[in-house]
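Remarks on the structure that follows.
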Amino acid sequence: MKPGTRSFLFSCLSSAVPFVCPICGARSFDDSPGMFCASCLESLPFISPPYCPGCGGPMDGILDVCPKCLNQPPRPWNGAFALFDMTGDVREAIHLLKYRDRPDFARSFGRLLGNKLRRELPCPVDMIVPVPLHWTRFLQRGYNQAALVCQGVSLELGVPIVRALKRCKPTPHQARLSRNERISNLTGAFSTTRSTNCQKRAILVVDDVLTTGATLSAAASVLLDAGASKVFAASVARR
Ligand SMILES: [Zn+2]
Ligand SMILES: [Zn+2]
């Protein structure tokens, strides 16, 4: 077989196998990175530049950060990226992937997020680190949605996933807490795993949703304390 023939055959075969769009369930042959059908992809609420350096969300006006970040403490990271505003289909999809056993959404969103990061990260990263769940929450849900998002991101960036963080204590659902409660809730929540060397590494830390940024901030701070040279934060959606 001539060189190139195999990849040509493979691309013909893979484009002949339909995939099911994770949002509308339509079967499609399109070759989009997230495996969303063309019409769902077009309707998704992608955040367009300029981006807020605090959260990766949309900027408006003349301030240095978005209005939602104005009242937040300074971020520990070197840059933040978010794919969507948490509205409409995205809100519904995130709810399904968190609470209704639809982990397939997470990988699809991860591919789209990775595609954006490939174009927009200011420097290469050495590892992709998911925000971990406490093992009790993991057993409840059966999967860590942030780790599944990382699988899609890793495919697009060609960078390995490293489980560099562990969650040391179970924390109540952040969604029900005030900002101050979120911060104290997360004090001491993460530590690095013993086997991971973060020294002088550029790290991308990933979660499904950024609300106040308290969770990603706590995770990023632990990685920086462990010697990371740079930390970037990425989330599928900015609430
Ligand atoms: Zn669709
Ligand atoms: Zn912001």
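In what follows, every heavy atom counts, from backbone to side chain, and hydrogens, waters and symmetry copies are set aside. Counting starts at 1 for both ligands and their atoms, in listed order. We count residues from 1, following the sequence as given.
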Within rounding of 10°, what is the angle whose vertex is the Zn ion (ligand 1) and whose arms end at SG of Cys37 and SG of Cys40? 100°
Indicate yes or no: at least one non-hydrogen side-chain atom of Val149 is less than 4.5 angstrom from one of Asp207. no
Under 30°, 30 to 60°, or over 60°: which ring-plane class applies to Phe84 and Phe109, parallel, tilted or perpendicular? perpendicular
If two hydrophobic side chains count as joined below 4.5 Å and joins carry through other members, does Met86 share a cluster with Phe81? yes
Rounded to 10°, how big is the angle at the Zn ion (ligand 2) from Cys66 SG to Cys69 SG? 110°
Check whether more than 12 heavy atoms from other residues, nucleotides or ligands sit under 6.0 Å from atom NZ of Lys230, and answer yes or no. no
So the angle subtended at the Zn ion (ligand 1) by Cys24 atom SG and Cys21 atom SG, rounded to 10 degrees, is 110°
